[in-house]
Trainee: 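Pasting in a structure now, in structure tokens, and then I'll have a few things to ask.
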Amino acid sequence: MYLLPKPKRAEKRQGSYEICWNTVVTIDETLTENGFVYAKILQECIRKSAGIECAVVRGEMRKGDIFLTLEPECDAQEYRVHITQDGLVVAGGDGAAVLYGVQTLCQLIGQCGAVLECMEIEDAPDIGCRGYFLDETRGRVLTLSYLKKVADRISRYKLNQLQFYVEHTYLFRDLTEMWRDETPLTAEDILELDAYCRKLHIELVPALASFGHLYTLLSTRSYGALCEREGSWETPFSFWDRMDHHTINTTDERALPLIKEMLAEYSALFSSDKFNICADETFDLGCEKSRDMAQQVGKEQMYIGYVRELCEFLDSRGKRVQFFGDIICREPELIAQLPKGTICLTWGYAPEQPVDACRAMAQAGAVQYLCPGVSGWNQWINQIEDSYRNIVRMCGYGREYHAEGILNTDWGDFGHVNHPEFSVPGLIYGAAFSWNQEEIGFDEVNRQISRLEYGDVTEQAVGVMAEIPAHSLFGWRDAVVYYEQMVRGHALLYEELVPGLFLEDSATADQRVAQADHALRGLVTRMKQAAVSMNEQSRAFAGSVELAAEAIRLWNQVGAAVVHEQRGAAWDLEKAFALAGKLERWFMAYKEQWRGIGREGDLHHIAEIVFWYADCLRRKNAGFGSQDKFVINPSRQAASESMK
């Protein structure tokens, strides 16, 4: 029997309790707010897992009832579950705690059905604020119905905060040029989701880019002049530029009023008393239009001055500001210039993420959330083991340095091509290890997630999925970078951008692709074998994994074709034409999957790249778009060849 997050104490007793046809879920009269919501969650769980329809009433407990009640001796978020032969009690220090007890009970019923061992469970979280941060702007704009499913899932694992990241994908009333070619969320979407989350004790916190990462706003004719760099609206779309540039010129007197108007309009939609202004990766600050000011006062002081203005503005509107700490951690003492209680979101996504930034901000007196990540960006399937190692480490730092919260991030760099369902293991890692410091091994926690989340009695599904990313040789990031150099003429000289496959000769590249293909086919077969053991609603997950594995297989082959061209080796034209067709057939299925849970978003930008490669495969002479070669660091290539 598995429970995630793992309770602090769970002790079995003699005997068992049976849910019967006449079992009643009784809500204590003291549990006035949302008690019916918790009861309905439990009622639906019993129906699905035990096949029994239980009535729901409000009043006093009778023998045999399942009783939901408040417990004055418990703290907020602390719950107790008492299972005896004569009845079952879920008690909590507040409504959220009762809900968490119900979610634990649902996990028990999901595995044991209507017959539960008698036991005592006592539990409370290590860290009070436990959140999930989902990119809703750089690729996918998920539908309201899917976002509600996200809320349901994070509630199951006792997370209590949800943020979705927005740059331009909200329909601001007066910024029509910014969203005219997008599929934005509306005010009604957010208001409805906010109300839905409140019933689940989830705080829906607004997160809006307000400093850097203002690509779409600063690419319009109306507001392009506010960009730190000149001519921002004159360049064609680029995934790389969207990540790297488009910081607002803080010295322009029009900038601050515009951003404040956006913050005011957006914040009014949320009941939360928090607001995440982001303010991360301001790479261009002081580089061009504000260079003179940067030379006078320094970039760090420019940065903190602008952030302070936004903090004070939102503070006056009753909002406590959060911001990402990658800039301020260089000068941690600057935190003293921000309003008291401002929350620094200290992030780091490496599997062996060092403690330095967290420790420095703690020593400077900052209030912190620590932000690990689910490692899905630029991947067809998330790098699950990397996310596990990163999340365990960052949650540990959070306890050591008394962080106020953990905010587990799910970014969508370069179009958010990975299906959001592939982030679920990382989401659960964040929930489990922010709640309970007891570490569960990677293989073990994956077995537990396979059973609890997917109903997989073989307990293999997550472990199989975790093996797949290792066989990606020419990934989506590689495909985007190569395309943008060849088509956009970007001089991407960074050594780490060169795909490993490009360092091989054509024969070795073909061999590596064939080996990866064989491994991927085997993993897909194992996933299909596990699918029959999953619950019915989870079996589609196996199909999603197969489609992603097919993407990895096909893009590996595309990478090999590029290597052939790079090395001047022969490439079978018939084989190239066939690969182009396979790529297009796969993309048709991918588009259908995308549209099943989201709006169009960046799908057209992804399509542009997919079709460019397909067209290149069909060119008899021009090959992949140019006579130029991808820039490879000569020393790295020489070192690689010397090792062969």
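FYI, side chains are in, hydrogens and waters are out, and symmetry mates aren't considered; it's all heavy atoms of this structure. All residue numbers in this chain count up from 1 along the given sequence.
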Trainee: Below 4.5 Å, heavy atoms only, C-beta onward: do Phe587 and Leu603 meet side chain to side chain?
Mentor: yes

Trainee: Do any side-chain atoms of residues 132-139 form donor-acceptor pairs under 3.5 angstrom with protein atoms, and if so which ones, sequence neighbours left out?
Mentor:
residue, atom, partner, partner atom, Å
Tyr132, OH, Asp410, OD2, 2.6
Asp135, OD1, Thr137, N, 3.0
Asp135, OD1, Arg138, N, 3.1
Asp135, OD2, Arg138, NE, 3.1
Asp135, OD2, Arg138, NH2, 3.3
Asp135, OD2, Gly412, N, 2.8
Glu136, OE1, Leu142, N, 3.1
Glu136, OE2, Leu142, N, 2.9
Thr137, OG1, Glu167, N, 3.0
Thr137, OG1, His168, N, 3.4
Thr137, OG1, Thr169, OG1, 3.0
Arg138, NH2, Asp413, OD1, 3.2

Trainee: Salt-bridge test for Glu600 and Arg595: reply yes if a basic N is under 4.0 Å from a carboxylate O, no otherwise.
Mentor: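 Salt bridge: yes.
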
Trainee: Taking 4.0 angstrom as the limit, do Glu352 and Arg389 come out as a salt bridge?
Mentor: yes

Trainee: Check whether any side-chain heavy atom of Gln448 lies under 4.5 Å from a side-chain heavy atom of Glu444, and answer yes or no.
Mentor: yes

Trainee: Could you tell me which residues satisfy side-chain contact (heavy atoms from CB on, under 4.5 Å) with Cys54, sequence neighbours excluded, listed by chain and number?
Mentor: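 Per chain and number, Cys54 pairs via side-chain contact (heavy atoms from CB on, under 4.5 Å) with Ile19, Thr23, Val25, Ile46, Ile52.
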
Trainee: Please determine if Arg156 and Glu453 form a salt bridge, counting it only when a charged side-chain N lies under 4.0 Å from a carboxylate O.
Mentor: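 The answer is yes: the pair qualifies as a salt bridge.
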
Trainee: Salt bridge check: are Arg9 and Glu11 linked by an N-O gap of less than 4.0 Å?
Mentor: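 Counted as a salt bridge, because a side-chain N and a carboxylate O are separated by less than 4.0 Å.
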
Trainee: Determine, for Glu467 against Arg526, whether the closest basic-nitrogen to carboxylate-oxygen distance falls under 4.0 angstrom.
Mentor: yes

Trainee: Taking ring pair (Phe, Tyr, Trp, His ring centres under 6.0 Å) as the criterion, tell me which of Phe164, Trp347, Tyr165 meets it with Trp411.
Mentor: Tyr165

Trainee: Before accepting this row, confirm whether a basic side-chain N of the pair Arg553/Asp517 lies closer than 4.0 Å to the acidic partner's carboxylate O.
Mentor: yes

Trainee: Could you go through Glu421 and Arg153, starting from their C-alpha distance and side-chain angles, then the distance that decides it, and tell me whether this counts as salt bridge (charged side-chain N to carboxylate O under 4.0 Å, His left out)?
Mentor: CA-CA 11 Å; Glu421 292 295 312; Arg153 177 175 282 131; 3.0 Å; yes

Trainee: Can Arg198 and Asp194 be counted as an ion pair, charged N to O under 4.0 angstrom?
Mentor: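 Salt bridge present between Arg198 and Asp194.
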
Trainee: Asp126: what forms a side chain to side chain donor-acceptor pair (under 3.5 Å) with it, not counting sequence neighbours?
Mentor: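 Result, side chain to side chain donor-acceptor pair (under 3.5 Å) vs Asp126: Lys8, Arg399.
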
Trainee: Does a salt bridge link Glu546 with Lys528, judged by any charged N lying under 4.0 Å from a carboxylate O?
Mentor: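 Looking at Lys528 together with Glu546, the answer is yes, because their closest N to O distance falls below 4.0 Å.
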
Trainee: State, with a plain yes or no, whether a side-chain heavy atom of Trp594 is found less than 4.5 Å away from one of Ile606.
Mentor: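 Yes. Closest side-chain heavy atoms under 4.5 Å.
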
